[in-house]
Amino acid sequence: MPEADEVDDEEEMPLSLRLSIADTLTLGNATCGFMAVYFTTTGILIPHLTGSEESGMARHSAATAVILMLCAAIFDLFDGLVARKLRSSPMGAELDNLSDLISFGLAPAYFVLVYGMVAHDAYQRVAAVGAIVVLLAVVLRLARFSCVTVKDGTFQGMPSPFGALTVVSIVLLELPFVATLLAIIGTAWLMVSRVEYPKPRGRLAVAMLSWIVLSMGLLAAWAFDAPSGQLLLQTGCALQLVMGAVIPLFATARRVNNFRDNRREARAAQLP
């Protein structure tokens with residue numbers, strides 16, 4: 001039946017349109033980012049605009065939105081691992097960038113924007129500028145990631161999931177508005193900088209996953225007003241900021257040491 005076989009081959013879905021397991025995880029990433037925007041809107045912004053009793057930064061909705069961003073980071077972590085172990089479709093890289101833009105660009109930028117609208121000491125228009133800076137930093141970072149080749153095992157600039165979690169940690173710390181805005185802009189700068197960050201593989205991937213799960217627990221304790229929940233959340237957010245500041249220092253120190261070692265080797269090679 002050669003004619004029937006030819007018809008079946010023509011009706012078969014093109015390879016470029018098939019979704020792999022890794023692509024499904026990537027779509028889960030995008031879904032979590034969208035739902036984070038949804039809970040930020042319905043649980044924080046709308047009650048504030050309507051003047052209901054749940055005005056301001058509602059704990060449950062804020063915690064849910066951030067937990068969804070953390071879930072997006074888990075999906076982003078595992079889709080890369082699965083793609084390396086199994087396979088990814090030809091459109092896997094594009095799906096990953098688009099999903100990251102939603103979960104780690106739009107969602108945290110929108111979180112900052114709503115913070116500027118509901119916080120008592122915030123300035124809405126200035127906060128909007130900060131939100132735009134975060135969004136554009138992620139857009140530029142993802143575009144550069146698609147065009148620039150760096151050495152294996154490293155990222156150039158702060159990874160967008162890490163940057164998004166750092167931005168929302170800054171907001172949840174409830175620092176003075178000026179300090180919050182400067183820290184957010186500094187995080188956006190790190191995302192587009194040339195500072196090298198290690199890729200989460202092996203033990204580092206396990207450590208990152210453990211930190212995300214711990215962060216979820218801290219957010220849940222804060223949302224349900226557990227004893228010392230506020231202190232635990234602030235401690236976790238402060239640790240996130242410390243890691244965001246310390247990792248570039250270690251990376252810079254390592255680069256300086258490598259430069260010095262190379263110069264010493266060059267000088268030793270020139271000696272008779």
Side-chain angles (χ1 to χ4, degrees), residues 32-49 55-59 61-70 72-73 97 100-145 157-195 197 215 219 222 233-234 236-248:
C32 289
F34 174 78
M35 293 305 297
V37 173
Y38 169 79
F39 278 100
T40 304
T41 302
T42 58
I44 302 175
L45 180 60
I46 292 179
H48 172 73
L49 295 177
S55 61
M57 188 67 78
R59 286 192 173 192
S61 297
T64 303
V66 180
I67 286 174
L68 284 166
M69 293 184 213
L70 290 167
N97 277 348
D100 286 354
L101 179 59
I102 295 172
S103 299
F104 312 124
L106 175 62
Y110 187 70
F111 199 79
V112 172
L113 179 65
V114 173
Y115 155 75
M117 299 176 69
V118 304
H120 297 295
D121 64 337
Y123 297 91
Q124 181 176 338
R125 294 182 179 179
V126 180
V129 173
I132 292 173
V133 169
V134 171
L135 179 62
L136 293 181
V138 176
V139 170
L140 292 173
R141 169 172 175 74
L142 294 175
R144 186 179 67 183
F145 179 77
M158 179 183 287
S160 53
F162 194 87
L165 299 181
T166 303
V167 167
V168 297
S169 296
I170 294 168
V171 175
L172 292 176
L173 270 177
E174 298 181 358
L175 300 171
F177 177 72
V178 174
T180 299
L181 184 65
L182 291 176
I184 289 173
I185 294 176
T187 303
W189 176 81
L190 283 174
M191 283 193 279
V192 297
S193 69
R194 298 183 180 275
V195 177
Y197 283 77
S215 299
L219 285 163
W222 173 68
L233 178 69
Q234 291 180 343
C237 292
L239 287 174
Q240 178 72 30
L241 267 66
V242 169
M243 287 191 296
V246 167
I247 291 177

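This one's a predicted model, so the numbers in the text were calculated from it and none came from an experiment.
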**Q** Looking at every non-hydrogen atom in both residues, tell me the closest pair between Ala164 and Pro108 and how far apart they are.
**A**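 Closest approach of Ala164 to Pro108, heavy atoms only: CB-CG, 3.7 Å.
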**Q** Determine whether a donor-acceptor pair (N or O, by modelled atom type, separation under 3.5 Å) exists between the side chain of Arg194 and the backbone of Gly157.
**A**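 A pair under 3.5 Å: no.
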**Q** Please output the side-chain donor-acceptor pairs of residues 117-128 that fall under 3.5 Å, not counting sequence neighbours, one pair per line with the distance.
**A**
{"residue": "Asp121", "atom": "OD2", "partner": "Phe177", "partner atom": "N", "Å": "3.4"}

**Q** Who passes side chain to side chain contact (heavy atoms under 4.5 Å, CB included) against Leu175, sequence neighbours left out?
**A**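 Expected list: Leu173, Ala179, Thr180.
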**Q** Quick one: are Phe111 and Val171 in side-chain contact, heavy atoms under 4.5 Å?
**A**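 Contact flag for Phe111/Val171 side chains = yes.
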**Q** Atom SG of Cys32 and atom CD1 of Ile102: how far apart are they, to the nearest 0.5 Å?
**A**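 Reported value, rounded in 0.5 Å steps: 11.0 Å.
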**Q** Roughly how far, to the nearest 0.5 Å, is NE2 of His48 from CD1 of Ile46?
**A**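 Answer rounded to 0.5 Å: 12.5 Å.
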**Q** Is a side-chain donor or acceptor of Arg141 paired with a backbone partner of Met158 at a separation under 3.5 angstrom?
**A**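 Present.
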**Q** Please set out all donor-acceptor pairs under 3.5 angstrom arising from side-chain atoms of residues 34-43, sequence neighbours excluded.
**A**
{"residue": "Thr40", "atom": "OG1", "partner": "Ala36", "partner atom": "O", "Å": "2.7"}
{"residue": "Thr41", "atom": "OG1", "partner": "Val37", "partner atom": "O", "Å": "2.9"}
{"residue": "Thr41", "atom": "OG1", "partner": "Tyr110", "partner atom": "OH", "Å": "2.6"}
{"residue": "Thr42", "atom": "OG1", "partner": "Tyr38", "partner atom": "O", "Å": "3.0"}

**Q** Applying side chain to side chain contact (heavy atoms under 4.5 Å, CB included), can you list everything that pairs with Leu239, at least two apart in sequence or on another chain?
**A**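 Trp211, Thr235.
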**Q** State, to 0.1 Å, how close Val133 and Ala188 come at their nearest heavy-atom pair, and which atoms those are.
**A**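 So the two residues come closest at CG1-CB, 3.6 Å.
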**Q** Please collect all side chain to side chain donor-acceptor pair (under 3.5 Å) contacts where either partner lies in residues 158-170, sequence neighbours excluded, each pair once.
**A**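 Qualifying pairs: Thr166-Gln240.
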**Q** If I take atom CZ from residue Arg59 and atom CG from residue Leu172, how far apart are they, to the nearest 0.5 angstrom?
**A**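 With rounding to 0.5 Å, CZ (Arg59) is 11.0 Å from CG (Leu172).
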**Q** For residues Leu135 and Leu101, determine if any side-chain heavy atom of one lies less than 4.5 Å from a side-chain heavy atom of the other.
**A**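 They are in contact (side-chain heavy atoms under 4.5 Å apart), so the answer is yes.
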**Q** Could you tell me the separation between the OG atom of Ser215 and the CE atom of Met69, rounded to the nearest 0.5 Å?
**A**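 Those atoms lie 13.0 Å apart.
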**Q** Within the structure provided, determine whether Val112 and Ile170 are in side-chain contact (heavy-atom separation under 4.5 Å).
**A**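 No, too far: nothing below the 4.5 Å cut-off.
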**Q** Does some side-chain heavy atom of Leu181 sit less than 4.5 Å from a side-chain heavy atom of Val129?
**A**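 No; the side chains remain at least 4.5 Å from each other.
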**Q** Is there a side-chain contact between Leu165 and Pro161 (heavy atoms, below 4.5 Å)?
**A**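 When only atoms from C-beta onward are counted, Pro161 and Leu165 do not touch, as no gap falls below 4.5 Å.
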**Q** Report the distance from atom OH of Tyr197 to atom CG of Leu190, rounding to the nearest 0.5 Å.
**A**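 If I round to the nearest 0.5 Å, the distance is 4.5 Å.
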